[in-house]
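The chains referred to below are lettered A, B, ... by the order of the sequence lines, with proteins before strands, and numbering in each begins at 1.
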Amino acid sequence: MLHIKDVHARVEEKDILKGISLNVNAGEVHAIMGPNGSGKSTLASVISGKEEFELTQGEITLNSEDITELDPEERAHKGIFLSFQYPIEIPGVSVTNFIKTAINENRKAKGLEDMPASDMLKMIREKADLLEIDRKFLSRSLNEGFSGGEKKRNEIFQMAMLEPKLAILDETDSGLDIDALKVVANGVNKLKAKDNAVIVITHYQRLLDYIVPDFVHVLMDGKIVKSGTKELAYELEEKGYDWIKEELVK
Amino acid sequence: MQTALVVVVKVFHFNNYRKKAMSKYTEDDLKKELETKEYEYGFYTDIESETFPIGLNEDVVRAISMKKEEPQWMTDWRLEAFRHWQSMEEPDWANVHYEKPDFQSIAYYSAPKKVDPNKTLDDVDPELLAMYKKLGISVDEQKKMNNIAMDIVVDSVSVATTFKKTLGEKGIIFMSISEAIKEHPELVRKYLGSVVPQRDNFYAALNSAVFSDGSFCYIPKGVRCPMELSTYFRINQAGTGQFERTLVIADKGSYVSYLEGCTAPSRDENQLHAAVVELIALDDAEIKYSTVQNWFPGNKEGKGGVFNFVTKRGICEKNAKISWTQVETGSAVTWKYPSCILKGDNSVGEFYSIAVTNNFQQADTGTKMVHIGKNTKSTIISKGISAGKSQNSYRGLVKINANADNARNFSQCDSLLMGNACGAHTFPYIEAKNKSAQIEHEATTSKIGEDQIFYCNQRGIDTEKAIALIVNGFSKEVLNKLPMEFAVEAQKLLEISLEGSVG
């Protein structure tokens with residue numbers, strides 16, 4: 001589904017990604033772990049097409065189509081979803097209005113008519129229930145005055161509504177207490193299917209107890225330095241990242 | 001001087017909107033409406049018209065009055081205003097910079113020749129009616145489909161007033177001010193200039209001397225006006241000024257909602273618009289006055305556009321309420337402060353405003369709330385949106401007189417900036433002479449961030465739509481105060497006005 005080949009990227013003249021290759025197939029869950037500043041969030045931004053990030057080298061294809069020249073909204077239309085580490089506030093725009101606009105813009109890009117209001121309502125209810133979201137929450141201004149947990153839950157709610165092919169969860173576990181974490185993870189697991197894939201970016205192994213990865217990759221200084229199965233995550237949790245560094249030096 | 005007059009009446013394509021409003025208008029409908037991005041009302045039509053030569057003196061004032069077959073008292077009233085005006089100076093305290101108009105190079109009267117304002121709708125020039133149709137607003141259809149009575153002012157003369165009969169049954173008078181001067185002189189004489197006196201300010205004095213038409217509305221005691229009353233103003237003729245005069249009187253215990261819309265064709269030279277609106281809300285009456293102002297703002301280089309120097313003021317007697325709602329997206333220069341004199345005890349004044357400036361537009365707008373009666377309350381919500389190289393100022397006065405016990409005011413002024421070359425300014429003035437007054441003022445300034453746009457983009461929403469979404473969210477508190485079809489129109493205008501201002 002997603003093929004990343006030898007990707008180099010920079011922001012404000014600073015090289016952040018220094019040759020990343022990654023293959024994500026439909027039905028898989030990949031975890032990307034690594035210390036602060038290793039380039040995890042940059043990778044998410046580069047895949048989703050954030051403008052400030054300049055791709056200097058390499059290829060990114062989604063279902064065999066080169067997406068590197070596409071605008072972020074076009075990538076979204078093709079099924080890429082990013083759950084933001086720091087979701088943005090938009091005052092005066094309700095969660096419902098925002099998601100309705102997003103869904104209909106995506107439909108429009110596919111040449112479809114707007115989703116009928118009744119279908120939209122039904123879907124909103126269904127997905128809100130799945131993530132144990134209070135209805136009142138849906139009429140609040142997007143992310144404005146939301147707690148950390150509410151923001152993250154709202155991100156996953158949007159993901160549930162948009163049904164992406166490739167979901168990238170950037171530190172979705174940060175700011176969540178254990179109960180909220182379970183709800184969010186449970187939501188992600190229910191959305192998992194044979195034809196979609198998930199990339200989980202996290203510092204900690206904790207989330208991976210609930211969203212079990214097929215593969216774990218360790219990112220350091222802009223490169224994937226080690227890949228493995230979920231056992232690698234436990235090892236990292238136990239020993240930290242230093243042993244990998246030492247291993248690399250050898 | 002060319003004699004072609006344009007008629008135009010843009011009129012918000014009301015029918016379409018109303019239909020959509022009923023079947024849940026979504027923002028995507030809005031998007032679809034937006035295929036024409038340039039100022040889309042900048043066309044004109046040749047209709048034979050009669051235009052006075054340029055220049056202003058007592059003879060011109062007399063000639064206007066005579067042309068309109070006014071009684072002597074009206075002529076005298078105009079002349080008195082003219083004499084005051086001659087001794088007055090153009091105000092320059094506002095935060096706007098422009099080349100002052102040459103008042104002797106403006107034509108002060110222009111009227112479609114074939115239209116006799118005394119005739120009924122059925123007698124209206126078929127060419128005009130054809131034009132309405134072309135614009136999708138057949139007056140006839142308006143009558144049937146919309147619960148809206150309209151008075152249409154093209155250049156200077158009120159062309160057609162619909163719904164007169166339906167309203168007449170309730171005793172409501174809704175007609176052009178010229179007609180009212182003839183048919184209801186006792187009301188006009190009593191109230192004209194009672195809220196905005198002739199010598200109130202430079203532009204009000206000029207308007208008082210030369211106003212050519214406008215709307216008049218009277219709601220009798222205890223009557224709730226069953227429909228929205230609406231007026232559209234359009235400047236068509238090159239080199240003319242438009243000076244319309246609106247007088248709305250809500251008698252004791254009555255209610256009326258009044259809508260006002262404006263457009264003008266795009267022209268290279270600046271056009272002058274100096275209107276006066278007076279509202280009188282007697283005991284227990286309520287007037288809701290909404291404006292969507294879309295005068296030509298000038299082109300992207302700042303050339304042309306309308307100078308909009310308007311005096312709007314209302315007076316509230318006991319327990320009365322006046323609510324001003326305005327969406328200002330047009331004009332090269334705006335100078336406008338819809339105000340409330342809260343004279344009666346327990347009276348309420350409200351001001352909800354969205355002012356958008358883009359390119360080289362300048363707006364200095366706000367309100368005055370003058371608390372005279374006891375327990376009077378006022379609310380001010382002002383949303384300024386600046387883009388391009390524009391300057392957007394809020395200027396407001398909250399004045400609490402010595403006898404206004406327990407007066408309360410709440411003001412909120414929010415500014416949204418787009419880009420780095422525009423300016424937002426807030427000038428709140430407070431004068432409180434009574435210790436029991438409670439005055440609150442809140443202000444915020446924010447900027448549309450690239451992060452907000454990217455967040456929307458990532459969800460599949462393109463940048464233009466994202467800006468519209470963010471701006472509409474910012475303006476929501478005011479948009480919510482507009483009648484449904486006006487709100488839709490206003491959202492559309494916001495989108496058009498800010499097109500291409502980010503990225």
Side-chain angles (χ1 to χ4, degrees), chain A residues 44-45 47-53 70-84 86-94 97-110 112-118 120-121 141-144 151 155 158-159 161-162 164 167-168 170, chain B residues 20-35 352 354 381 383 385 412 414-416 442 444-481 487 491 494-495 502-503:
Chain A
S45 296
I47 297 171
S48 53
K50 195 169 187 191
E51 212 176 322
E52 302 92 283
F53 294 84
L70 297 182
D71 288 335
E73 64 269 24
E74 292 169 320
R75 300 186 196 201
H77 299 155
K78 299 211 177 288
I80 293 180
F81 178 92
L82 172 61
S83 168
F84 283 64
Y86 303 108
I88 309 295
E89 294 180 8
I90 305 186
V93 177
S94 68
N97 188 18
F98 183 74
I99 197 65
K100 184 192 83 182
T101 305
I103 284 188
N104 285 331
E105 287 295 296
N106 279 287
R107 290 175 66 94
K108 196 159 78 182
K110 295 183 179 80
L112 297 171
E113 291 288 310
D114 282 358
M115 184 182 280
S118 55
M120 182 83 73
L121 206 65
S141 284
L142 191 72
N143 291 320
E144 197 182 30
K151 283 184 182 173
E155 292 293 290
Q158 292 180 42
M159 170 184 153
M161 290 293 294
L162 290 165
I168 306 165
D170 190 3
Chain B
K20 284 192 179 129
M22 288 188 297
S23 65
K24 279 213 173 172
Y25 193 94
T26 69
E27 280 172 72
D28 306 295
D29 292 320
L30 198 73
K31 187 79 190 174
K32 279 173 205 150
E33 299 285 348
L34 266 181
E35 273 148 28
Y352 301 100
I354 301 170
I381 309 282
K383 305 274 179 178
I385 300 158
Q412 183 187 330
D414 298 327
S415 306
L416 186 68
E442 288 178 9
T444 65
T445 303
S446 51
K447 214 175 147 179
I448 292 189
E450 280 169 13
D451 286 348
Q452 278 178 318
I453 306 245
F454 176 66
Y455 188 81
C456 294
N457 289 162
Q458 208 299 308
R459 297 302 185 252
I461 302 167
D462 67 27
T463 300
E464 208 169 293
K465 185 91 189 173
I467 290 168
L469 197 66
I470 294 164
V471 166
N472 280 328
F474 173 77
S475 314
K476 196 170 146 199
E477 288 155 280
V478 177
L479 289 173
N480 283 347
K481 294 287 170 187
Q491 289 192 359
L494 293 180
E495 262 184 73
V502 162

Side chain / backbone / both / neither for A:Leu162 at chain B, heavy atoms under 4.5 Å: side chain
Flag, side chain of A:Asn97 to backbone of A:Val93, donor-acceptor distance under 3.5 Å: no
Side chain proximity check, A:Pro72 to A:Leu82, heavy atoms < 4.5 angstrom: no
Heavy-atom proximity to chain A below 4.5 Å, by part of B:Tyr455: both
With sequence neighbours excluded, residues passing ring-ring contact (aromatic ring centres under 6.0 Å, His included) with B:Tyr352: none
Contacts of A:Glu89 that satisfy side chain to side chain donor-acceptor pair (under 3.5 Å) - sequence neighbours left out: none
Toward chain B, the part of A:Pro164 with a non-hydrogen atom under 4.5 Å: neither
Heavy-atom pairs under 4.5 Å with chain A, option from B:Ile470, B:Asn457, B:Asp451 with the top count: B:Asn457
Heavy-atom proximity to chain B below 4.5 Å, by part of A:Ile80: both
Qualifying residue for side-chain contact (heavy atoms from CB on, under 4.5 Å) with A:Asn106, from A:His77, A:Met161, A:Lys78: A:His77
